[in-house]
There are 2 protein chains.
Amino acid sequence: MHNNLKKIGSELNPNVSVDCVIFGFDLEKLTVLVIDRGEISAENGPRLALPGNLIYDNENLDQAANRVLDELTGIKDIYLEQVGAFGDPFRIHKESDREWLKSIRAQPDARVITVAYFSLVKIEDYQPHPSSFAKNAEWTPVNELSELAFDHFEILQAAKEKLKQKIKIQPIGFNLLPEKFTLSQLHRLYESILDKPLDKRNFRRKIQKLNILSNLKEKQRGVPHKPSSLYEFNEEKYQELTQMGFDNFGF
Amino acid sequence: MHNNLKKIGSELNPNVSVDCVIFGFDLEKLTVLVIDRGEISAENGPRLALPGNLIYDNENLDQAANRVLDELTGIKDIYLEQVGAFGDPFRIHKESDREWLKSIRAQPDARVITVAYFSLVKIEDYQPHPSSFAKNAEWTPVNELSELAFDHFEILQAAKEKLKQKIKIQPIGFNLLPEKFTLSQLHRLYESILDKPLDKRNFRRKIQKLNILSNLKEKQRGVPHKPSSLYEFNEEKYQELTQMGFDNFGF
DNA sequence: AGTCTTTGTGTCATTTTTACACTATCCAAA
DNA sequence: TTTGGATAGTGTAAAAATGACACAAAGACT
C-alpha cells in the first residue's frame with residue numbers, strides 16, 4: 001500500500017500540473033504566450049514551453065489555471081476553458097529537464113498528469129516587460145511554432161483544434177479583440193482561427209445577420225485609408241439568441 | 001518538500017483516477033452502464049456511480065481507460081474519447097464514502113483528480129450477468145438518471161454534451177449500432193443523442209446523400225410490420241469524404 | 001491633384017433546409 | 001382469407017443560406 005500518501009492541505013501536488021495555452025491576436029494573426037526556459041534546461045529539447053505549474057491540493061483545476069495565468073500576466077477573470085488531460089508515464093524524464101523541473105518545484109522522477117487549458121486574452125491587456133515576474137514570456141505567432149518542450153506542442157495543437165470547434169458554436173472570439181473593433185479585424189480573426197480564407201462580403205453578411213454587434217457611431221482615427229466604423233459585442237442580444245436554441249454560427 | 005514522492009513504477013497512483021461513461025443504445029434510447037455501490041457506501045449519497053479506478057503509474061490515460069473498460073465488460077478496442085479532467089479538492093471526503101473508496105483501493109483522504117472518458121459500445125456486445133466480475137453493472141437509460149455518486153452526474157452531463165458535439169462532426173454513432181441496422185434505428189439514435197426530434201424524410205435524405213452507407217440487399221425478418229432494409233456503415237467512403245475536408249454533418 | 005490603401009456594398013445562381021401526407025409491406029388476429 | 005395494426009418508404013414546393021464576384025467611396029500622404 002501507499003505510505004507516501006499526501007493529506008489534503010495547501011501543498012503542491014507533485015502528480016498533477018496545469019498548463020495554459022494563452023491565445024492572443026495581434027490584429028494580424030493568432031499568437032500564443034510562450035516562455036523561454038533558458039539555456040540551462042535546453043541542452044536537448046526546445047527552450048520554449050507553455051506556462052504551467054503544479055496544482056495545490058486546496059484548489060480545484062479551474063482555480064489552478066486561473067492562478068497560473070494570474071502569476072504570469074497579472075490578469076484575472078479571463079476566458080478560460082479546459083482542453084483536456086495529458087500524460088504519458090515517462091514523458092518527464094530527461095536528465096536535461098531536471099533543472100527546469102526544479103524551477104517549478106516538480107520532482108524529476110514523478111509521474112505527472114497535465115491538465116491543459118486555453119485562454120483568450122486581449123493582447124493589449126498584457127505586454128510582457130523584461131522586468132516583470134515572467135521576464136521571459138513572449139507573444140509568438142501560432143504558426144511560427146513547430147516545436148515546444150515536453151508534450152506542449154501536442155497540447156497546443158489540441159488547444160487550436162478546440163478553439164476552432166468552439167468558435168463555430170459560441171462567439172468567444174471577442175475575448176481576443178479590443179472592446180471596440182472593426183469588422184475587418186473580426187474577419188481576420190476568424191480566418192486566423194479557422195485557418196482558411198473567408199469571403200469578405202459573405203462574412204460581413206453572416207455576422208451582421210446575427211445581430212449581436214452594436215455599431216458604435218464612431219470611426220477609426222489616424223489610419224492612412226478610409227476609416228472603418230467601430231463595433232462592440234452585444235452580450236444581451238447574444239443571450240437572446242442562445243435562449244432560442246441557437247448554437248451554430250455556420251462556419 | 002515532498003518526501004512522500006512516488007517513483008515511477010507499476011503501482012497505483014493515489015492521485016489520479018479514470019472514470020468511464022459507457023454509452024449504449026437499446027434501439028430506443030441512449031443508455032449508460034452504471035454500477036451499484038451497494039448499501040454500505042450509500043448511507044448518504046446515491047448508490048449508482050460510473051465505473052472507474054485509479055491509474056497505474058506505468059500506463060497512460062488512454063490505456064487506463066481501456067483497462068477499466070476491459071475489466072468491467074471484457075470488451076477491448078472500443079471507441080473511447082476523453083471528456084476532460086475533473087476534481088474539486090474536497091469532493092471525496094464523506095465518511096460514508098470510505099468503504100467504497102477502499103474497494104477501489106483509493107485513499108479516503110487523498111485529493112483525487114479524475115480524467116473522464118466516454119465510450120460507445122454495441123449494447124449486444126455486453127449484457128451484464130449477475131455472475132460476472134462486475135455483478136452490479138447495469139444499462140440504464142440516460143434520461144432516467146438524475147443523480148450519481150461523487151461528481152459523476154456532472155461528468156455524465158459533460159459526456160453527453162461532448163457526444164452531441166462530436167456526432168455533428170464525425171459519424172461515430174455507428175459504434176452504438178449492430179453491424180447491420182435500419183435507417184429508422186439510426187434515426188432514433190440521432191434523436192436520442194441530439195435530444196430533439198428530426199424529421200424522418202429530411203433525416204433519411206441527408207444521410208443518404210452523404211453516401212457512407214451500403215444498402216445490403218437484405219431485409220429485417222420477423223418484425224410484425226413492413227420489414228426495413230438493412231444498411232452497413234462504409235468506412236472507405238467515409239474516408240473519401242473526410243479527405244475532401246468534410247467535417248460537418250449539418251445537424 | 002493625384003495616388004495609395006482599405007472600407008463598404010448588391011445580385012444572381014445554386015444548394016440546402018424545412019414542412020408536410022399518403023401508399024406499400026408484412027404480421028397477426030379474427 | 002380478410003382485416004387491422006404497425007412501420008417503411010417516398011416527393012415537392014417554398015424559403016433560406018451559401019458562394020462567387022467587382023467597383024465606388026473615404027481618408028492619409030505626397
Side-chain angles (χ1 to χ4, degrees), chain A residues 25-29 167-169 171 177-178 180-192 194 196-232 241 244-251, chain B residues 25-29 168-169 177-178 180-192 194 196-232 241 244-251:
Chain A
F25 180 62
D26 64 9
L27 302 186
E28 280 298 327
K29 32 197 167 20
I167 208 176
K168 296 177 179 179
I169 289 176
L177 290 172
K180 303 173 179 181
F181 53 87
T182 71
L183 290 182
S184 297
Q185 290 165 356
L186 189 62
H187 181 204
R188 278 193 289 273
L189 174 60
Y190 271 75
E191 288 187 324
S192 304
L194 299 173
K196 70 178 179 194
L198 301 171
D199 180 85
K200 179 167 64 158
R201 283 183 283 194
N202 295 340
F203 175 81
R204 294 165 92 99
R205 174 167 31 134
K206 182 173 288 186
I207 290 290
Q208 308 244 35
K209 182 149 17 149
L210 293 175
N211 200 36
I212 55 174
L213 296 187
S214 304
N215 185 343
L216 304 171
K217 301 262 147 72
E218 191 182 347
K219 289 189 181 301
Q220 273 184 317
R221 296 212 32 120
V223 286
H225 54 71
K226 178 174 177 179
S228 174
S229 57
L230 293 168
Y231 292 80
E232 222 176 31
L241 254 197
M244 300 172 116
F246 180 88
D247 73 336
N248 187 351
F249 284 79
F251 287 107
Chain B
F25 181 62
D26 65 9
L27 301 187
E28 280 299 328
K29 31 197 168 18
K168 296 177 179 179
I169 290 177
L177 291 171
K180 302 173 179 182
F181 53 86
T182 72
L183 289 182
S184 297
Q185 290 165 355
L186 190 62
H187 182 206
R188 280 194 288 274
L189 174 60
Y190 271 75
E191 289 187 323
S192 303
L194 299 173
K196 70 179 181 196
L198 301 172
D199 180 85
K200 179 167 62 158
R201 283 183 282 194
N202 295 340
F203 175 82
R204 293 166 91 99
R205 172 157 36 111
K206 182 173 289 186
I207 289 290
Q208 308 243 36
K209 181 149 20 149
L210 292 175
N211 199 36
I212 55 175
L213 296 187
S214 304
N215 186 343
L216 305 171
K217 301 260 147 75
E218 192 181 347
K219 289 188 180 299
Q220 273 183 318
R221 298 214 28 123
V223 288
H225 54 72
K226 176 174 177 178
S228 174
S229 57
L230 293 168
Y231 292 80
E232 222 177 31
L241 254 194
M244 299 172 116
F246 181 89
D247 72 339
N248 186 352
F249 284 80
F251 287 106

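Each chain gets a letter, A, B and so on, in the order its sequence line appears, and its residues count up from 1.
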With a cut-off of 6.0 Å (strictly less than), are more than 12 heavy atoms of other residues, nucleotides or ligands near NZ of B:Lys180? no

Could you state the atom-to-atom distance from CZ of B:Phe203 to P of C:dT18 in whole Å? 14 Å

Without decimals, in angstroms, what is the distance between A:Phe251 CZ and D:dA17 P? 14 Å

Answer with base, sugar-phosphate or nothing: what part of the nucleic acid does B:Lys200 contact at a heavy-atom distance below 4.0 Å? base

Report all interatomic pairs (protein N or O, nucleotide N or O of nucleotides 19-21 of chain D) with separations under 3.5 Å.
unit_1	atom_1	unit_2	atom_2	d
D:dG19	N7	A:Asn202	OD1	3.4
D:dG19	N7	A:Asn202	ND2	3.3
D:dG19	N7	A:Arg205	NH2	3.2
D:dG19	O6	A:Arg205	NH1	3.2
D:dG19	O6	A:Arg205	NH2	2.8
D:dA20	N7	A:Asn202	ND2	3.3
D:dA20	N6	A:Asn202	OD1	3.3
D:dC21	N3	A:Arg201	NH2	3.1
D:dC21	N4	A:Arg201	NE	3.3

Examine distances only and state if a side-chain atom of A:Glu191 and a backbone atom of A:Leu198 form a donor-acceptor pair shorter than 3.5 Å. yes

Approximate separation, where rounding is to 0.5 Å, of A:Phe203 CZ and A:Leu183 CG: 7.0 Å

Do B:Gln185 and B:Arg188 touch side chain to side chain, with heavy atoms closer than 4.5 Å? yes

Do the numbers put B:Lys196 on top of the ring of B:Phe251, so that NZ or CZ is under 6.0 Å from the six-membered ring centre and no more than 45° off the axis? no

Could you state the atom-to-atom distance from CG of B:Leu230 to C1' of C:dC26 in whole Å? 15 Å

Check whether any side-chain N or O of B:Ser229 sits under 4.0 Å from OP1 or OP2 of D:dG9, and answer yes or no. yes

Taken to the nearest whole Å, CG/A:Asn248 to P/D:dA17 is 11 Å

Rounded distance (Å) that lies between atom C1' of D:dA17 and atom CD1 of A:Ile207: 15 Å

Below 4.0 angstrom from OP1 or OP2 of D:dT7, is there any side-chain N or O of B:Ser184? no

Find the distance between CZ (A:Arg204) and CG (A:Leu213) and round it off to the nearest 0.5 Å. 11.0 Å

Okay, side chain of A:Gln220, backbone of A:Ser228: is any donor-acceptor separation there less than 3.5 Å? yes

Which of these, B:Ile207, B:Leu210, B:Ile169, sits in a side-chain contact (heavy atoms from CB on, under 4.5 Å) with B:Phe249? B:Leu210

Side-chain contact test, heavy atoms from C-beta onward, threshold under 4.5 Å: evaluate it for A:Leu194 versus A:Lys168 and give yes or no. yes

Pick base, sugar-phosphate or nothing for A:Thr182, based on heavy-atom distances below 4.0 Å to the nucleic acid. nothing

When the distance from NE2 of B:His187 to C1' of D:dT10 is rounded to whole Å, what number comes out? 15 Å

Rounded to whole Å, please give me the gap between NZ in B:Lys196 and P in C:dA19. 11 Å

B:Phe249 CZ to C:dT16 P: how many Å, rounded? 14 Å

Any A:Ser228 side-chain nitrogen or oxygen under 4.0 Å from OP1 or OP2 of C:dG8: yes

Just N and O in the side chain of B:Arg204: are any of them under 4.0 Å from OP1 or OP2 of D:dT10? no

Protein N or O to nucleotides 24-30 of chain D N or O, pairs below 3.5 Å:
unit_1	atom_1	unit_2	atom_2	d
D:dA26	N3	A:Lys226	N	3.4
D:dG27	N2	A:Pro224	O	3.3

